[in-house]
Protein chains: 2
Amino acid sequence: MKWDQLEEEPCSMARTIGVIGDRWTLLILRECFLRTRRFEGFQSALGITRHLLAERLKKLVRQGVLRRIPYQESPKRHEYILTQKGLDLYPIMMALVHWGDTHMVDERGRPLLHEHRKCGKMFDPVMVCSECGEPLSAKEVHVHPGPGARPASEKVSLDKKAKPKSRRQAA
Amino acid sequence: MKWDQLEEEPCSMARTIGVIGDRWTLLILRECFLRTRRFEGFQSALGITRHLLAERLKKLVRQGVLRRIPYQESPKRHEYILTQKGLDLYPIMMALVHWGDTHMVDERGRPLLHEHRKCGKMFDPVMVCSECGEPLSAKEVHVHPGPGARPASEKVSLDKKAKPKSRRQAA
DNA sequence: ATTTGACAGTTCAATTTTAGAACTGTATGA
DNA sequence: TCATACAGTTCTAAAATTGAACTGTCAAAT
């Protein structure tokens, strides 16, 4: 599959993955949320090759996740700043961090703690239902086709048509 | 950088990315949450090469995200089922979907709608503070080093030591 | 009894990506 | 004039991914 096809899939998750779903991009975004703004800053914080960094930044700008803003003339220099679209990635970042905090810490404990300014306490992020406010878990959620779903008639695999398959016992 | 180094970084996000931070893995997990369990199921839904699929599944099992469970003898066949650790990825998945729903839909609207069984309504996921219940945004959160933070003395870039750098005006 | 097909992989050459390192070019400060 | 900051670009070698074919067990159909 070509990765730019991902963005055309009738699946919001696939589309998101098409934009931010690779390791370097995610790490670059981590740095953005930690207030890194400049090429050298990203490069030395991450150890990413300059080539890839340039490419990833360009893509994020194209996608509207970052904005490239001049901070000095001669020589022209730019900073990479999160747009609102980029800032909206925050729940994804926090969800990634929280899973790591829960399942990947060593005996020493969490590398970072998060303080919520409004209430002043150290917190964990919790995902709740926008309608009733209750915490969500996979089993309590039912999925329905939405208006942008692909008609059942053209259900195909992610790239080419799935080979026609009969089923013996499989559902 | 070698990707298995990521899991040893003193950063929960990097560690999580080390486990699930590549495109195919994320798509495989999407299928898991949509109740796909078998090799052929993943393969035909995603169009991933069999080689990579086998590798990714193996890695997810090694990491404890999936469990490989026999569902028939002769020939031995197994299903891949989310463990609790895997189920706990749900907020990440929902956060990815929700960002796509918000920023990547076309004129036709969302491909999928989510119904919360408890309250019966179509919902969006909202990330809130575990302490005060208020919705979170990046700007209201302060980060502090936790017990597992790396001592400042050995602050280095993600792979090799950062080259010593002076700073002129950079922060 | 033989053929067909489901299923879950494994193998291998060709292609694409990524890593690592050096190089380009403008400008500042010593 | 020389060294350094900064933001890239260019190049080759190494690693990952694709695409396609192949392996092997078993069940059902002919």
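Lettering follows sequence order; numbering is per chain, from 1.
Rounded to an integer number of Å, the gap from CG of A:Leu53 to C1' of D:dT9 is 13 Å. Taking atom CD of B:Glu55 as the reference point, atom P of C:dG9 lies 13 Å away to the nearest angstrom. Distance, A:His51 NE2 to C:dT17 C1': 9 Å, rounded to whole Å. The interatomic distance linking B:Glu40 (CD) with C:dG5 (C1') rounds to 11 Å, in whole Å. Atom CD in A:Gln43 sits about 12 Å away from atom P in C:dA21, given to the nearest Å. As rounded to whole Å, 8 Å separates atom P of C:dA8 from atom CZ of B:Phe39. Between the CG atom of A:Asp22 and the P atom of C:dT16 there is a distance of 19 Å, rounded to whole Å. For A:Leu52 and D:dC11, the CG to P distance is 17 Å, given to the nearest whole Å.
The CD1 atom of B:Ile17 sits 9.5 Å away from the CZ atom of A:Arg23 when rounded to the nearest 0.5 Å.
When distances are taken from the side chain of B:Arg77 to each of D:dG8, C:dA8, C:dT18, the shortest belongs to C:dA8. For A:Arg38, the side-chain atoms get nearest to D:dA7 when compared with the rest of D:dA7, C:dC7, C:dT18. The side chain of A:Pro75 sits closest to C:dA27 out of C:dC7, C:dA27, D:dA7.
Residue contacts shown for B:Thr49 include a base, since a base heavy atom lies under 4.0 Å away. B:Tyr80 comes within 4.0 angstrom of the backbone, heavy atoms only, and of no base. Within 4.0 Å (heavy atoms only), B:Arg56 reaches sugar-phosphate atoms of the nucleic acid but no base atom.
For B:Arg77 and B:Phe39, the positive end is not near the middle of the six-membered ring at less than 6.0 Å and at most 45° from its axis.
Look at B:Lys58 and you won't find any side-chain N or O under 4.0 angstrom from OP1 or OP2 of C:dA8. Applying the 4.0 Å criterion to OP1 and OP2 of C:dG9, one finds that B:Arg68 has a side-chain N or O inside that range. Side-chain nitrogen and oxygen atoms of A:Trp24 include none within less than 4.0 Å of the OP1 or OP2 phosphate oxygen of C:dT17.
A salt bridge links A:Glu79 and A:Arg38; the closest N-O separation between the charged side-chain nitrogens and carboxylate oxygens is under 4.0 Å. Note on A:Arg110 versus A:Asp124: salt bridge recorded, some NZ/NE/NH1/NH2 to OD/OE distance being below 4.0 Å. Here B:Arg37 does not pair with B:Glu31 in a salt bridge; the nearest charged N to carboxylate O distance is not below 4.0 Å.
Looking at which nucleotide of DNA chain C each of B:Leu57 and A:Glu73 is closest to, the 5′-most match is held by B:Leu57.
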